[in-house]
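A quick write-up on the structure given underneath.
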Amino acid sequence: MSREFPIGLTPPDWLVRNLQPHRAPLNPSAMARAALAMSLPLAIGLAAGQPAYGALASMGALSGVISDTADAYRMRVLNIAVPQLFGALGVTLGAAVYGHGWYAVAALTAIALVSGMISTIGAVASVSGLVLLMNSVIGAGLPLPGAWWVAPALMTGGGLLVLALALLAWPLRAGVPERAAVAAAYRAVADLLAACGDPDRYVTTRYAVTQSLNRSYDTILSHRARHHGRSPELTRLLAQLNAITPVVEAAPAVHLTGRPLPAEIPAAVRHLAGAIETDRTRAGGHTGRAAPGNRTLDRAPNPHPHPHPELTSRLPVPTTETARAMDHAVRHAAGVVARPDVDPRGVDDRLGRPAAPGTRTARAARGVLLSAGSWHYGLRLAVCIGIAQALVSLIAVPRSYWVALTITFVLKPDFGSVFSRALLRALGTVVGLVVAAAVLAEVPPGWWSVPAMLLLAPLIPALTPRGYGYQTAAITPVILLLSDILNHQGTALLLPRLLDSLMGCAIALIAGYLLWPESWHTRVGDRLADAVADTAAYVEAAFGPETDPAGRARMRRRLYRDLSTIRTEFQRALTEPPPTGRRAAAWWPLVVAVERIVDATTAARVQVRHGSPPPSSAEIGQVALQLRELAEGVRRSEHLTAVRTDLTGPSGSVLEPLRQEVAAARAVTTPH
């Protein structure tokens, strides 16, 4: 007979959210690269009679595996190669101060400051800062074999081996990741269209669309600065990505009607996704042959191509303004997908064309030096590393570099909550040590380390997307196996590693979290207030004169991207213990309310564009004013507070749904 779980023993919600794994598909290619890149250096080192050299190269491969997160091949070069350069510098600096006592403490503290500051620039810089500090700690804490240049060369070589394996298929699959990203955006939009009229599904699917569009634009625009105007393929993909925007804009208008779309419309968008992914629209004559059972789009080279007649014939005849807007948007997307050639002068970048690499580097350097946020995080990381190094210098801690390594991984600004990461690091380390105990006890030294690595290494890319605790559980036995090759301590490594990890987590929690009140006393309403104020500006721009449609599109895309970031930040805050988690939970409904306000604005804009009477300037000004007052009310308090919002207007106006959403947002911010 089942018994009810005692209420007093029920774990708190924030702990359950921390331990819940994220859903993510396995990446067999990344798993294969990890297995080969981390076991091959071990095998070569053993064959050459230098197992320590093989272990160092495998450590370098580990950083390459951690960096191997991009789909596009050009981005893989940046994501993997750039951190390796910082890693080589880090291990060189660390080895230079090995055994020098307080000089090592000062050096690692300074490196931590630089690492923390550059980590705030972006994703590649964040991993570069991580590898810089990680290798510096290893160099300063382990006696490395060979001359001063041997360890940097071996570790860099291991990381570049991961890059070489990642680029093997580039000549055969050039452009495939970019096409797959655009096709994924089309499929996400098709799911959104299928969810119209279903409130629960629509909210979840709308967020998935924003994420998919963000990834697609990032993939395409990451190298547009270099290839713009010279790569017809990238220009055509960007035009196809832009073409789905009117469909996304029409979706809120359809959803507000409360009626689902005919199944033929989502099916048509999925058809376009298949055409993009399989590259059935390349330039060069007429329609190519498709796989059996599939129909291709018309690719006749004319300036105003039409989609294949069999595709458009399936679309139902529109009978309302909203239906006409959706029909027009889908047909426009089909026409762009069918177009073999695109004039780059007519393709605008909906997120803004990236500047040249030199310009971006200069901007990033200025931003790091002048940003209070970068100094703030750099100082937090430097204080924690300094305390850790000073502590292990005063207290005899065997292999003390693990303390600083723990802090390096826990205290990352873009990896989530420091509190949650410290907790998950401790739990993941315990699980990883259990696995490592079995490996070190049963795997004899020598060649048996190679098959053990073949089995352990693929777990890193397999478990990393599930969450930080799962990544820690996968990395811990790998590092311990490599450490055992360097120092031959076997299972004697286990207990010291557990104590070192717990010490590092404690230092990160105290010196990097509790001593910085803004970490656990965050005004979670500030970001929302900025988003509400930006929404007011979007309302004014949406119904203004048609002077800069591309600028309006960029504003809308940036707003949706900002809201996506805010949603992610709030989800991270929900994993914090009280009071931060409780405040985030209280504010969370307003995040959804602001997204609905943006959707209502977009829907009204679509209706006006397809025949509805435009709102008066007085109506627009009233909504914008109330949104700005709402933003100020949210900004003034970190707790829910009553916000006055008096909205009236013509009942038949296209802005009536928008006024209702603003009133709903007011209700969210007013405590009951």
Side-chain angles (χ1 to χ4, degrees), residues 63 66-67 69 78-94 96-97 103-140 354-355 357-390 401 403-419 421-422 468 504 507-520 522 526-527 565 568-569 572:
S63 66
I66 295 173
S67 308
T69 57
L78 290 176
N79 284 15
I80 300 176
V82 173
Q84 297 312 309
L85 299 178
F86 281 87
L89 175 62
V91 73
T92 302
L93 295 175
V97 296
Y103 289 106
V105 175
L108 288 180
T109 302
I111 293 172
L113 175 64
V114 175
S115 170
M117 293 180 69
I118 66 176
S119 292
T120 61
I121 296 175
V124 176
S126 177
V127 176
S128 299
L130 171 69
V131 175
L132 169 67
L133 183 55
M134 179 179 71
N135 285 9
S136 298
V137 170
I138 292 174
T359 303
R360 282 181 283 172
T361 301
R363 290 176 182 171
R366 285 195 302 270
V368 166
L369 293 176
L370 301 178
S371 169
S374 65
W375 280 98
H376 180 266
Y377 172 66
L379 288 173
R380 285 175 64 189
L381 183 58
V383 167
C384 291
I385 293 294
I387 291 175
Q389 290 300 116
Y401 66 91
V403 180
L405 276 181
T406 299
I407 295 172
T408 300
F409 280 99
V410 169
L411 205 63
K412 289 291 294 176
D414 54 339
F415 285 178
S417 160
V418 171
F419 179 90
R421 287 175 65 80
Y468 179 63
I507 292 172
L509 279 176
I510 296 172
Y513 182 74
L514 294 177
L515 295 183
W516 304 81
E518 60 272 23
S519 300
W520 49 273
T522 304
D526 281 350
R527 295 185 182 92
T565 302
T568 301
E569 290 297 324
R572 289 175 176 174

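Starting from 1, each residue takes its place in the sequence as its number.
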Which heavy atom in [X] sits nearest to a heavy atom in [Y], and how many Å separate them?
X	Y	answer
Ser67	Asn79	CB-O, 3.1 Å
Ser126	Ser119	CB-O, 3.6 Å
Val137	Ala404	CG1-CB, 3.7 Å
Ala508	Cys384	CA-SG, 4.4 Å
Phe86	Ile118	CE2-CD1, 3.8 Å
Ala112	Leu381	O-CD2, 3.5 Å

Atom pair [atom1]/[atom2] of [X] and [Y] - distance to nearest 0.5 Å:
X	Y	atom1	atom2	result
Leu113	Leu108	CG	CG	12.5 Å
Ile80	Thr69	CD1	OG1	8.0 Å
Ile385	Leu405	CD1	CG	8.0 Å
Leu89	Ser136	CG	OG	7.0 Å
Leu133	Leu93	CG	CG	11.5 Å

Sequence neighbours excluded, which residues qualify as side-chain hydrogen bond (donor to acceptor under 3.5 Å, both in side chains) partners of Gln84?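 Gln84 satisfies side-chain hydrogen bond (donor to acceptor under 3.5 Å, both in side chains) with Ser63 once adjacent residues are dropped.
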
Taking Gly87's backbone N and O only, do any of them form a donor-acceptor pair with Asn135's side chain (distance below 3.5 Å, no angle check)?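 Pair found, side chain donor or acceptor close to backbone of Gly87.
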
Any side-chain to backbone donor/acceptor pair from Ser115 onto Ile111? Under 3.5 Å, distance only.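 It does not hold such a pair.
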
With sequence neighbours excluded, residues passing side-chain contact (heavy atoms from CB on, under 4.5 Å) with Ala81: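 If we apply the side-chain contact (heavy atoms from CB on, under 4.5 Å) test to Ala81, skipping adjacent residues, the hits are Leu163.
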
Can you name the residues that form a side-chain contact (heavy atoms from CB on, under 4.5 Å) with Ile387, not counting sequence neighbours?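 Counting only residues at least two positions away or on another chain, Ile387 forms a side-chain contact (heavy atoms from CB on, under 4.5 Å) with Val383, Ile507, Ala511.
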
For Val410 and Tyr468: C-alpha separation, side-chain torsions, deciding distance, then whether side-chain contact (heavy atoms from CB on, under 4.5 Å) applies. CA-CA 9 Å; Val410 169; Tyr468 179 63; 4.0 Å; yes

